[in-house]
Number of protein chains: 2
Amino acid sequence: MTAINAAGTIIVVNRLKEKGYRITGQRQALVEQLVESEEPLSAFEIWERLRIQYKDVSLDTVYRNLHVLVDLGALIPINAMGKEGVRYELVYTSHHHHIVCVKCGQTQCIDYCPVDPHLISVLKTHGYELVRHNLQLFGVCRHCNC
Amino acid sequence: MTAINAAGTIIVVNRLKEKGYRITGQRQALVEQLVESEEPLSAFEIWERLRIQYKDVSLDTVYRNLHVLVDLGALIPINAMGKEGVRYELVYTSHHHHIVCVKCGQTQCIDYCPVDPHLISVLKTHGYELVRHNLQLFGVCRHCNC
DNA sequence: ATAAGTGCAAACTGTTTGCAGCCAG
DNA sequence: CTGGCTGCAAACAGTTTGCACTTAT
């Protein structure tokens with residue numbers, strides 16, 4: 001694990017401690033997997049990776065810890081719609097959106113966000129103040145497009 | 001049913017006929033429910049409404065017909081990102097998105113779409129071909145902002 | 001010590017599928 | 001008439017929950 005990843009783990013683990021959560025081996029290992037992953041992971045994928053270190057870890061524990069992190073605001077759920085369920089990504093990185101492959105369910109980060117001053121003002125004319133947003137992009141990835 | 005809704009039903013039904021699908025009572029009634037609905041419906045909600053006319057219609061039939069309409073391109077699946085499953089909206093109206101008030105749940109159509117040639121090309125560089133998309137906007141409406 | 005966290009199994013939800021009968025074309 | 005459509009039941013995948021045991025604090 002790189003120094004930058006170790007730091008990321010510590011940040012998340014400290015947030016857990018602050019809120020009174022206990023740091024178990026499984027919980028810390030789950031955070032490490034999320035920090036080290038290049039892309040959002042599904043609960044099942046996290047489970048597969050955790051089992052290398054914790055051979056008896058259960059999928060339930062993965063789900064429970066994912067919920068804890070989501071409640072904490074440290075993790076955002078990304079819905080892949082269809083193939084495989086929700087994927088999770090830590091949010092200490094910069095703001096961006098994702099595209100999901102409608103065939104295989106893989107996701108990629110897209111460094112683009114539609115929310116600009118123009119959209120904000122359009123919404124204002126409708127009487128709305130924007131609180132949060134999510135751009136869902138669905139496509140076919142290079143691999144599935146053959 | 002208003003004249004405009006009747007017209008909407010006919011448009012969708014004709015697309016089904018063109019592709020060789022048969023027009024059963026259940027199928028037509030399902031289209032009518034979608035046309036008449038102000039907002040996207042879940043499979044379960046459609047089923048509830050269909051059962052008023054077709055008391056023995058099965059939920060499977062709802063799903064099967066939803067798939068047919070999605071394959072046809074007449075219906076887009078919208079993931080509510082909450083605990084509920086997928087919602088469906090007919091696409092014979094002009095393309096737009098919605099903003100949802102996080103306090104009262106009211107929605108408004110927003111005549112804005114982030115998908116432009118620039119975004120398409122950004123996605124191409126990621127190896128993705130865009131199939132469909134959905135912009136989810138959450139805000140506080142004029143009424144709730146006091 | 002003690003309450004949060006865990007593994008197991010079983011329940012639950014939303015969706016899909018195999019089959020025999022039905023009905024639109 | 002006949003293949004697509006249907007209802008039924010059962011399977012299915014992803015997720016959640018009740019329980020007794022374990023472990024971090």
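These numbers come from the heavy atoms of this one structure, side chains and all, not from hydrogens, waters or symmetry mates.
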Atom-to-atom span, [atom1] of [X] to [atom2] of [N] - whole angstrom:
X	N	atom1	atom2	value
B:Y54	D:dT6	OH	P	10 Å
A:F44	D:dT15	CZ	P	11 Å
A:L66	C:dG5	CG	P	14 Å
B:W47	C:dT13	CH2	C1'	13 Å
A:E45	D:dA13	CD	C1'	15 Å
B:I46	C:dT15	CD1	P	10 Å
A:K19	C:dG5	NZ	P	14 Å
A:Y63	C:dT13	OH	P	16 Å

I'd like to check the ring pair (Phe, Tyr, Trp, His ring centres under 6.0 Å) partners of A:H133; sequence neighbours left out, ordered by chain and number. A:H95, A:H97
Residues forming a ring pair (Phe, Tyr, Trp, His ring centres under 6.0 Å) with A:Y54, sequence neighbours excluded: none
Scan the side chains in residues 57-68 of chain A for donor-acceptor partners under 3.5 Å anywhere in the protein, sequence neighbours excluded, and list what turns up.
from	atom 1	to	atom 2	distance (Å)
A:S58	OG	A:D60	OD1	2.8
A:S58	OG	A:T61	N	3.3
A:S58	OG	A:T61	OG1	3.1
A:N65	OD1	A:R27	NE	2.6
A:N65	OD1	A:R27	NH2	2.9
A:N65	ND2	A:T61	O	3.3

Can you sort out the partners of [X] under side-chain contact (heavy atoms from CB on, under 4.5 Å), two or more places apart, ordered by chain and number?
X	answer
B:E45	B:L41, B:S42, B:E48, B:R87
B:R15	B:L72, B:A74
A:C109	A:E89, A:H96, A:H98

List the residues meeting side-chain hydrogen bond (donor to acceptor under 3.5 Å, both in side chains) with B:Q53, not counting sequence neighbours, and say none if there are none. none
With sequence neighbours excluded, what pairs up with B:T24 under the side-chain hydrogen bond (donor to acceptor under 3.5 Å, both in side chains) test? none
Estimate the overall bend of the helix from C:dA1-D:dT25 to C:dG25-D:dC1 from the end axes over five pairs each, rounded to 10 degrees. 40°
Within 45° of the axis and under 6.0 Å from the centre of the six-membered ring of B:W47, does NZ or CZ of B:R51 qualify? yes
Taking DNA chain C as the partner, which of residues 20-31 of chain B come within under 4.0 angstrom of it by heavy atom? B:R22, B:I23
Does any non-hydrogen side-chain atom of B:L69 lie less than 4.5 Å from one of B:V31? yes
Please table the atom pairs, donor to acceptor, closer than 3.5 Å between any side-chain atom in residues 118-126 of chain A and protein atoms at least two apart or in another chain.
from	atom 1	to	atom 2	distance (Å)
A:S121	OG	A:H118	O	2.9
A:T125	OG1	A:V122	O	2.5
A:H126	ND1	B:Q108	OE1	2.7

When B:K17 and A:L59 are each assigned the nearest nucleotide of DNA chain C, the 5'-most assignment goes to A:L59
Could you go over nucleotides 18-21 of chain C and give all protein N or O partners under 3.5 Å, atom names and distances?
from	atom 1	to	atom 2	distance (Å)
C:dG18	O6	B:R64	NH1	3.4

